[in-house]
Amino acid sequence: MAVKIKLKRLGKIRAPHYRIVVADSRTRRDGRAIEEIGKYHPTYHPSVIEVDADRVAYWLGVGAQPTEPVLAILKKTGDWQKFKGEPAPAPLLVAEPKAARPLFDALGGDDEGKGEAITQKKKAEKKDEASAESESTEA
């Protein structure tokens with residue numbers, strides 16, 4: 001039985017996320033898996049990659065073959081280099097936590113209201129134009 005490490009697709013039509021699974025090579029993409037060893041969310045910024053390094057090392061050690069997309073993920077996490085005995089890659093970027101919303105005071109705002117709208121209503125402009133046209137025709 002040939003064993004592959006491949007991606008199992010989950011999620012909605014335009015919002016995919018994947019699980020990294022170990023499965024028989026004859027099973028379909030979203031079919032039954034032997035074991036789930038990680039997650040991959042490409043739509044997040046930066047993308048989320050979670051891999052169980054011990055299980056990956058085990059499955060690679062017993063002869064499981066990664067597919068091309070999984071091989072690229074394993075190279076990014078450094079698990080492939082560890083298995084091959086090569087130097088580790090540069091560390092992955094970690095997303096900085098976002099501030100909820102900047103405070104109003106920090107933006108330099110004041111609590112006093114202006115009281116008037118900045119732009120005028122369009123209906124008022126049309127009435128002014130209509131009255132100007134009627135005046136020009138009367139004269």
Side-chain angles (χ1 to χ4, degrees):
M1 176 172 86
V3 178
K4 292 252 184 202
I5 303 174
K6 56 186 180 178
L7 295 176
K8 180 178 184 178
R9 189 182 194 281
L10 301 167
K12 295 188 264 184
I13 291 175
R14 289 179 183 82
H17 59 275
Y18 300 91
R19 289 190 184 150
I20 302 170
V21 298
V22 178
D24 183 7
S25 63
R26 296 170 288 188
T27 60
R28 60 184 188 262
R29 177 188 69 182
D30 300 335
R32 198 172 102 207
I34 298 170
E35 183 179 358
E36 294 179 0
I37 57 174
K39 296 177 186 176
Y40 174 53
H41 297 276
T43 55
Y44 294 172
H45 184 70
S47 60
V48 175
I49 300 173
E50 295 177 13
V51 178
D52 186 0
D54 296 334
R55 297 308 296 165
V56 169
Y58 169 77
W59 282 108
L60 290 173
V62 297
Q65 296 296 315
T67 59
E68 288 183 22
V70 173
L71 182 61
I73 291 171
L74 294 178
K75 284 182 179 179
K76 287 201 184 265
T77 60
D79 294 319
W80 183 253
Q81 288 86 345
K82 190 184 301 182
F83 173 69
K84 289 292 187 178
E86 298 172 358
L92 293 174
L93 295 175
V94 178
E96 296 178 12
K98 293 182 179 179
R101 286 183 85 184
L103 297 174
F104 186 73
D105 296 333
L107 295 175
D110 53 350
D111 291 336
E112 298 176 15
K114 303 267 185 202
E116 293 183 20
I118 297 172
T119 58
Q120 303 220 351
K121 295 180 181 178
K122 291 185 179 180
K123 291 182 181 178
E125 291 176 6
K126 289 181 182 178
K127 289 180 182 177
D128 291 339
E129 290 174 6
S131 62
E133 288 178 14
S134 62
E135 291 175 6
S136 62
T137 56
E138 292 175 6

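- The cluster map of Ile, Leu, Val, Met, Phe, Trp and Tyr, joined by side-chain heavy atoms under 4.5 Å apart, puts Val48 and Ile20 in different clusters.
- How far OG1 of Thr27 is from CD1 of Ile34: 8.0 Å, rounded to the nearest 0.5 Å.
- Ile49 and Leu10 are not part of a single hydrophobic cluster, where members link through side-chain heavy atoms under 4.5 Å apart.
- Considering only heavy atoms from C-beta on, Ile73 comes within 4.5 Å of Leu7 through its side chain.
- Residue Val21 is not grouped with residue Trp59 when hydrophobic side chains (ILVMFWY) are merged at heavy-atom distances under 4.5 angstrom, including chains of intermediate members.
- Nearest heavy atoms, Gly61 versus Phe83: N-CE1, 3.9 Å.
- Put simply, CG on Leu74 and NZ on Lys82 are 11.0 Å apart, with the number rounded to the nearest 0.5 Å.
- Between the OG1 atom of Thr67 and the CD1 atom of Ile5 there is a distance of 8.5 Å, given to the nearest 0.5 Å.
- With rounding to the nearest 0.5 Å, the separation of CZ in Arg19 from CD1 in Ile37 is 13.0 Å.
- The side-chain heavy atoms of Leu60 and Trp80, taken from C-beta on, include a pair separated by under 4.5 Å.
- The shortest distance between side-chain heavy atoms of Arg9 and Arg29 falls below 4.5 Å.
- The minimum heavy-atom distance linking Ala23 with Ala33 is given by the pair CB-CA, 4.1 Å.
- A donor-acceptor pair is defined here as one N or O able to donate and one able to accept, closer than 3.5 Å; no such pair exists between the side chain of Ser47 and the backbone of Tyr44.
- Taking NZ of Lys6 as the reference point, atom CD of Gln65 lies at 13.5 Å (rounded to 0.5 Å).
- The hydrophobic cluster containing Tyr40 also contains Leu71, counting ILVMFWY residues as joined when their side-chain heavy atoms lie under 4.5 angstrom apart, directly or transitively.
- The neighbour count for Arg32 CZ, taken as heavy atoms of other residues, nucleotides or ligands under 6.0 Å away, does not exceed 12.
- A distance of 8.5 Å separates CG of Asp79 from CD of Gln81, quoted to the nearest 0.5 Å.
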